[in-house]
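One structure below.
The chain is numbered in sequence order, starting from 1. Values reported hereafter were calculated over all heavy atoms of this structure, with side chains retained and with hydrogens, waters and symmetry mates removed.
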Amino acid sequence: MIEKIEITQRFNFKRLNRHYECFTIDFINNMAYYKISERGSGDKFLQENSLCDDSWIDILVDLRRKMTSEIRTFDDRQSGDLLSGFIDLELFRDFESENFSYFEKLELIYSCIVIIYSTDGYEEYSFKNNFPKRWVEFGELLRDFFGFDVLHLNHQRQLATPLFYDIEKDGLYCRGDRLPVKTIEFGHYRCYPYELPNPRLIVNFEDSTIRGYIDKVLTEDIGNTVLGLLEEYHVYLWTQSDYHMKSDSHDPEDLEGYDWYLEIVFKGDVIWHLFGYNDYPDTYLHLAREVMNITSMDLLEINTIDEDSIKLFEEYGNAKLG
């Protein structure tokens with residue numbers, strides 16, 4: 001018999017603006033509540049820089065607003081209905097969990113852990129890209145029962161994950177249509193001595209500008225070159241575990257090195273986001289070298305990567321690029 005379900009969700013926006021929550025459904029005591037609250041630096045870092053695309057701010061503010069100490073209660077009949085509905089979904093049938101830890105060198109915009117406690121023990125399922133097939137139906141079940149969007153399906157439509165989108169080597173697709181890129185933002189900063197987040201480069205396709213280390217007009221030719229680089233070096237696929245082989249297999253030499261983020265915002269303010277703790281996806285170095293060849297500037301900060309890691313990135317990147 002299922003006694004309790006814990007749903008822990010984590011959202012990452014930029015460096016210091018993160019949101020963690022755990023919603024617990026207790027079938028023994030017929031109640032539901034948030035078990036943990038917001039962790040991180042709070043609202044004082046919401047406005048990081050006037051150059052930043054702010055598509056994520058409304059999401060983060062709403063997530064924090066929904067966190068309350070309210071305890072929701074229900075009776076035995078309602079409990080039975082919810083539990084029956086959950087069992088009928090067979091949510092994790094043939095499901096394979098992804099590797100997950102509370103500290104990862106490469107973090108995606110969304111991740112989730114579901115723990116199901118029963119009289120016989122517990123089962124734990126975690127995912128970042130491999131959403132359960134009936135996750136949306138589960139969200140709708142919870143929304144109808146509790147009267148609010150427990151799984152944040154409304155916000156999930158604004159996140160570039162496989163729940164509502166297809167992420168391919170050449171871009172993000174929705175119902176077969178490739179979404180145009182709106183902005184690209186890259187930030188890179190020192191962990192120690194500590195630096196506050198600050199974007200190094202922002203490419204804005206809507207107002208045809210490049211700002212940051214470079215300040216110039218974004219022409220059609222330059223725009224096509226930028227988009228071509230994203231495709232050539234498989235950047236859209238960096239959120240996939242197949243592109244984390246180096247970071248999963250090797251620890252960086254200096255744990256007090258550099259953090260960074262890359263954010264791509266598509267038409268409709270759909271956000272693709274990857275955050276790195278002193279490590280990078282497998283083809284990062286190859287992209288960074290190409291950018292340096294084109295601009296004669298180390299815009300992606302190759303100089304901060306140690307020689308041993310460079311050799312590893314060459315090995316893993318070459319394997320991906322053929």
Side-chain angles (χ1 to χ4, degrees), residues 12-15 17 46-60 108-110 155-189 197-240 243 260-276 280-281 283-284 286-301:
N12 292 303
F13 302 101
K14 300 296 193 290
R15 177 179 178 178
N17 291 300
L46 277 175
Q47 300 288 349
E48 290 180 355
N49 188 292
S50 59
L51 295 179
C52 293
D53 183 283
D54 61 1
S55 303
W56 54 276
I57 292 179
D58 288 343
I59 300 175
L60 180 58
L108 279 59
I109 196 168
Y110 178 82
H155 294 317
Q156 289 284 2
R157 294 187 180 277
Q158 204 172 328
L159 307 182
T161 72
L163 184 61
F164 292 116
Y165 300 98
D166 295 316
I167 303 174
E168 305 291 348
K169 187 166 73 75
D170 63 339
L172 187 72
Y173 285 80
C174 180
R175 300 187 186 92
D177 295 326
R178 187 168 65 176
L179 299 185
V181 173
K182 175 183 171 184
T183 59
I184 302 169
E185 180 181 329
F186 174 76
H188 197 284
Y189 25 76
N198 187 45
R200 294 295 193 259
L201 190 68
I202 295 178
V203 181
N204 191 318
F205 287 85
E206 289 199 323
D207 64 14
S208 300
T209 62
I210 301 176
R211 302 179 70 180
Y213 277 2
I214 296 176
D215 192 354
K216 64 185 302 180
V217 173
L218 177 66
T219 65
E220 183 177 353
D221 286 345
I222 295 175
N224 289 336
T225 297
V226 171
L227 295 176
L229 291 175
L230 296 182
E231 181 176 346
E232 181 178 356
Y233 295 100
H234 309 186
V235 173
Y236 300 111
L237 299 180
W238 281 0
T239 57
Q240 307 298 315
Y243 285 78
W260 62 277
Y261 68 86
L262 177 65
E263 181 171 284
I264 305 171
V265 181
F266 297 86
K267 182 179 180 181
D269 291 337
V270 178
I271 304 167
W272 180 106
H273 185 83
L274 182 65
F275 182 86
Y280 307 89
T283 60
Y284 181 93
H286 293 71
L287 171 66
R289 283 175 169 166
E290 183 73 6
V291 171
M292 181 182 288
N293 289 336
I294 293 173
T295 65
S296 300
M297 298 177 65
D298 187 13
L299 295 176
L300 272 63
E301 310 280 2

Using a 3.5 Å distance criterion without hydrogens, assess whether the side chain of [X] forms a donor-acceptor pair with backbone atoms of [Y].
{"X": "R178", "Y": "D170", "result": "yes"}
{"X": "N204", "Y": "T183", "result": "no"}
{"X": "Y280", "Y": "W260", "result": "no"}
{"X": "Y165", "Y": "Q158", "result": "no"}
{"X": "T219", "Y": "I222", "result": "yes"}

Which of parallel (below 30°), tilted (30 to 60°) and perpendicular (above 60°) describes F186 and Y284? tilted
Heavy-atom pair of closest approach, residues [X] and [Y]:
{"X": "E231", "Y": "Y236", "answer": "N-CE1, 4.4 Å"}
{"X": "F275", "Y": "Y261", "answer": "CD1-CB, 3.8 Å"}
{"X": "Y110", "Y": "T161", "answer": "CB-CG2, 4.5 Å"}
{"X": "V235", "Y": "W272", "answer": "O-CZ2, 3.2 Å"}
{"X": "I202", "Y": "E185", "answer": "CG1-CG, 3.7 Å"}
{"X": "E206", "Y": "K182", "answer": "OE1-CE, 3.3 Å"}

I want to check something: taking the side chain as every heavy atom from C-beta on, are [X] and [Y] in contact at a cut-off of under 4.5 Å?
{"X": "I59", "Y": "I271", "value": "yes"}
{"X": "L229", "Y": "I294", "value": "yes"}
{"X": "F164", "Y": "L159", "value": "no"}
{"X": "W238", "Y": "L287", "value": "yes"}
{"X": "L172", "Y": "I167", "value": "yes"}
{"X": "L262", "Y": "I184", "value": "yes"}

Can you tell me how far [atom2] of [Y] sits from [atom1] of [X], rounded to the nearest 0.5 angstrom?
{"X": "D269", "Y": "L179", "atom1": "CG", "atom2": "CG", "value": "11.5 Å"}
{"X": "I214", "Y": "R200", "atom1": "CD1", "atom2": "CZ", "value": "13.5 Å"}
{"X": "L300", "Y": "E290", "atom1": "CG", "atom2": "CD", "value": "11.5 Å"}
{"X": "H155", "Y": "I109", "atom1": "NE2", "atom2": "CD1", "value": "11.5 Å"}
{"X": "F205", "Y": "F266", "atom1": "CZ", "atom2": "CZ", "value": "10.5 Å"}
{"X": "L230", "Y": "L237", "atom1": "CG", "atom2": "CG", "value": "11.0 Å"}

Under the criterion side chain to side chain contact (heavy atoms under 4.5 Å, CB included), I'd like the reasoning laid out for W56 against E263: C-alpha separation, chi angles, the key distance, then a yes or no. CA-CA 10 Å; W56 54 276; E263 181 171 284; 4.0 Å; yes
Passes side chain to side chain contact (heavy atoms under 4.5 Å, CB included), T209 versus V217? Steps please. CA-CA 5 Å; T209 62; V217 173; over 6 Å; no
